[in-house]
Structure formats: C-alpha cells, structure tokens
Amino acid sequence: MYAPTSSVGVRINREQPPSRLIELAKQAEAAGLDEVWLVEDCFWAAGIATVATALAVTSTIKVGIGVLPAVARNPAIAAMELAALAELHPDRLIGGFGHGVASWMRQIGAYPESPLAALEETLLAVRRLLAGERVSMDGRHVHLDEVELVFPPSSPPPLVAGVRRPKSLAVAGATADGTILAEPSPPEFVRTALESIAATGPHAMVTYNWLALGDRERARRTVAESLTPGSRVQVEGLPFAGELLALMDSTSTVDELAAGLRPEWLDRLAICGDVDTCAAAVRALHEAGSGSVVLLPLPEEPPEKGIEDAGRVAAAVRG
C-alpha cells in the first residue's frame with residue numbers, strides 16, 4: 001500500500017532531455033529523497049520509457065509517473081506496461097493517470113466525449129487488471145472483452161490521479177489509491193481537495209510545488225506561468241485570493257502577472273527561502289494532509305542544483 005505520511009521527493013522536469021535521465025535519477029536517490037517523479041507531457045519524453053529507465057538505474061527510491069493521459073493508451077496496454085515494471089521493480093513504482101491537456105489530446109485525436117468518464121473507467125479497468133482480474137467493460141470510453149493479464153504483478157502498484165477540480169477529485173477518491181495536486185498546491189488547497197476526494201479508505205495525497213531555495217525572487221516568473229485559468233481552484237482558499245485572482249484577470253502577459261506578484265504571495269505559492277523556511281513549508285503541507293511533498297526544480301536552473309537543494313530541504317524536514 002502506498003501511504004506516505006512525511007515523504008519528500010523531487011520531480012525531474014520535462015525540459016531535461018532523456019540523455020540526462022540516468023545521472024539525475026541516480027543523484028535523486030543519492031540525495032536521500034524518498035521519491036522521484038517524471039511527467040508525460042506532449043511532446044516531450046514518454047512516461048513509461050523514462051520511468052522504466054529511472055527504476056533500472058536506482059535501487060531504493062520510489063519512482064512515480066505524474067501522469068499518463070488516460071486517453072492516450074488503451075487501458076489494457078497501459079496495464080501490461082505497468083504490470084511489467086511493477087514485477088521487475090517490486091514496491092517502487094507509482095502509476096499516475098490524468099485527463100491530459102485538452103489541446104494536446106485534441107492535437108493527437110484522442111480527446112474523449114467525456115474526460116471524466118474516460119478517467120474513471122481507465123482507473124477502474126487498470127486497477128482490476130493489475131489485480132489479476134478478468135475484465136469486461138463496455139463504458140463510454142473503455143471497451144474490454146474478457147481481458148486478463150498473463151503476468152499480473154505479485155504486488156500491484158498504486159494508482160494515483162492527477163486532478164484538481166471537485167468532480168475529478170471525487171473520481172480520484174472513489175477509484176484511485178491517491179491524488180496528485182499540480183503546482184501550486186498550498187496547504188489550503190490540500191485541505192479543500194481532501195474534502196472533495198472524500199475517500200472512505202486510505203488515500204495518498206501528493207503535492208507538487210516549485211522550489212526556490214535561498215531566494216524567492218528566482219521563482220517569480222515560473223510561479224506566474226503556473227497560474228493558468230485552470231489553477232484558479234488551487235488559490236481560491238488563500239487569504240489573498242481575491243487580489244491574486246483580480247491580478248490574473250487583469251493581466252494579459254506572463255511578464256505582467258509576474259511583476260504584480262507580491263513577495264509574501266510567492267512565499268505561499270512556492271517552497272522558497274532559506275533551508276529552515278522551506279522545511280517548515282514542507283511540514284505545513286504534511287500537516288495539511290499531503291503525505292508526499294514533491295519539490296520541483298525551477299526549469300531555468302541546472303537540474304543538478306534543484307535535486308541538491310531538494311535533498312537539503314528533505315534532510316532539514318527530517319531534522
């Protein structure tokens with residue numbers, strides 16, 4: 001069971017070419033981090049291939065896929081891939097599915113009639129297949145006829161859903177082992193999301209947040225870029241939400257939005273400051289219900305520095 005309570009991980013951002021992956025995954029493990037996460041965004045490196053590589057070159061660190069677009073693969077094929085990885089690397093894989101970015105899914109001809117149904121049915125089908133069941137399903141999106149894995153994993157990997165809106169969070173609570181909240185994910189959003197998830201059993205919460213160790217100003221533009229229209233739900237619970245949302249509505253460029261972000265807002269929209277301040281921010285997320293806090297190196301900085309900084313923060317969190 002994937003039930004982190006005080007984990008600290010790092011994400012290897014999509015901007016890093018596949019040729020860098022081996023050394024960066026090894027560095028994350030050597031830094032003492034609990035988890036390393038990789039993304040699958042169109043049209044960067046693919047999630048299964050990169051996660052398989054990271055698992056193969058490390059030995060103890062958990063490796064998460066955050067996340068695969070649920071509609072980009074047939075769920076039976078996705079289950080086959082996850083089953084093989086889970087059997088080769090027992091208890092180290094965390095599988096993740098999400099809706100996929102709508103524009104990208106339309107670009108590849110995979111946008112579903114109902115993104116919500118597609119995610120729910122995919123999670124249900126993949127979980128049942130990984131559990132060794134023979135699955136028949138005739139849903140709105142998933143259609144399986146007596147499908148059964150020949151090699152189901154002896155220890156099925158947990159599946160988490162990368163979502164943020166209330167209806168999607170409710171699907172995660174009902175069908176997944178956990179949820180990934182995208183950046184920015186302040187404690188207020190964690191608590192609100194847990195209410196929407198309303199899981200009746202154990203449910204892992206993973207949160208992404210940008211890391212700017214030492215100087216919050218380095219995170220200014222990156223934070224602004226993450227404040228998309230879809231992220232409004234993530235900041236609505238903040239004490240300065242009204243002012244921030246008004247700024248988001250009134251600015252037309254990322255540069256304008258970045259210039260308008262107050263320093264004290266950055267402190268809540270990213271993990272930033274000195275080591276002790278960053279560690280306190282991570283603990284606050286743990287206390288709010290995020291069992292795993294994943295630190296995101298700033299894209300414009302050397303990835304080695306981001307992983308090193310994440311390891312320093314993790315060590316400070318553990319005291």
Side-chain angles (χ1 to χ4, degrees), residues 1-2 37-52 55 63-90 92-102 104-165 167-180 197 199 201 203-204 206:
M1 178 184 297
Y2 177 57
W37 287 79
L38 296 117
V39 300
E40 179 171 87
D41 281 347
C42 295
F43 298 94
W44 283 269
I48 295 294
T50 53
V51 166
L55 285 164
V63 182
I65 309 173
V67 292
L68 301 174
V71 297
R73 292 174 182 81
N74 182 285
I77 303 303
M80 289 165 58
E81 292 180 315
L82 294 174
L85 290 177
E87 193 69 7
L88 289 165
H89 308 281
R92 293 180 56 214
L93 171 68
I94 308 163
F97 288 94
H99 292 298
V101 176
W104 290 337
M105 296 305 100
R106 291 189 178 97
Q107 194 174 358
I108 64 173
Y111 191 76
E113 175 187 347
S114 170
L116 203 63
L119 179 62
E120 181 176 19
E121 292 171 9
T122 297
L123 286 167
L124 286 170
V126 173
R127 287 190 76 186
R128 291 181 62 193
L129 289 166
L130 291 173
E133 296 183 31
R134 178 171 294 181
V135 180
S136 292
M137 183 182 294
D138 189 20
R140 297 181 64 181
H141 179 77
V142 175
H143 305 278
L144 301 176
D145 182 12
E146 297 292 305
V147 176
E148 182 178 5
L149 297 183
V150 176
F151 298 115
S154 53
S155 179
L159 297 185
V160 296
V163 293
R164 56 187 171 189
R165 295 187 180 279
K167 290 183 179 179
S168 297
L169 290 167
V171 166
T175 61
D177 300 298
T179 298
I180 305 173
I197 289 167
H203 191 88
V206 181

On a heavy-atom basis, which atom in L119 and which in A70 lie closest, and how many Å separate them? CD1-CB, 4.0 Å
Can you tell me how far the CG atom of L55 sits from the CG atom of L38, to the nearest 0.5 Å? 9.0 Å
Min side-chain heavy-atom separation P69-M105 under 4.5 Å: yes
Can you check side chain to side chain contact (heavy atoms under 4.5 Å, CB included) on W44 and V39, steps first, answer last? CA-CA 9 Å; W44 283 269; V39 300; over 6 Å; no
If I take atom CD1 from residue I180 and atom CD1 from residue I94, how far apart are they, to the nearest 0.5 angstrom? 8.0 Å
Verdict with reasoning, S114 to H141, per side-chain hydrogen bond (donor to acceptor under 3.5 Å, both in side chains): CA-CA 8 Å; S114 170; H141 179 77; over 6 Å; no
side-chain contact (heavy atoms from CB on, under 4.5 Å), paired with V126, selected from V142, V135, L82: L82
Begin with the C-alpha distance, continue with both residues' side-chain angles, and end with the deciding distance and a verdict on side chain to side chain contact (heavy atoms under 4.5 Å, CB included) for I65 and T50. CA-CA 9 Å; I65 309 173; T50 53; over 6 Å; no
Using a 4.5 Å cut-off on heavy atoms from C-beta on, say whether the side chain of S168 contacts that of L116. yes
When every non-hydrogen atom of P156 is compared with those of A131, the smallest separation belongs to CG-CA, 4.4 Å
Distance from E120 atom CD to R140 atom CZ, nearest 0.5 Å? 10.5 Å
Would you mind reporting whether D145 and S136 have side-chain heavy atoms less than 4.5 Å apart? yes
Atom CZ of R127 and atom OG1 of T175: how far apart are they, to the nearest 0.5 Å? 7.0 Å
Side-chain heavy atoms of V71 within contact of T122, under 4.5 Å: no
Enter the distance from T179:OG1 to R164:CZ here, rounded to the nearest 0.5 Å. 13.5 Å
Drop me the distance from L123's CG to D177's CG, to the nearest 0.5 angstrom. 9.0 Å
Of E133, E121, E148, the one forming a salt bridge (Lys or Arg N to Asp or Glu O under 4.0 Å) with R128 is E133
Which pair of heavy atoms, one from S155 and one from A86, lies closest together, and at what distance? O-CB, 4.1 Å
Could you check if a side-chain atom of M137 sits within less than 4.5 angstrom of a side-chain atom of L124, using non-hydrogen atoms only? yes
Smallest separation among heavy atoms of L130 and A79, with atom names: CD2-O, 3.5 Å
Are any non-hydrogen side-chain atoms of V101 and C42 less than 4.5 angstrom apart? no
Show the nearest heavy-atom pair for residues L68 and G47, with the distance to one decimal. CD2-CA, 4.3 Å
Closest approach of A78 to F97 (non-hydrogen atoms, all atoms of both residues): CB-CZ, 4.0 Å
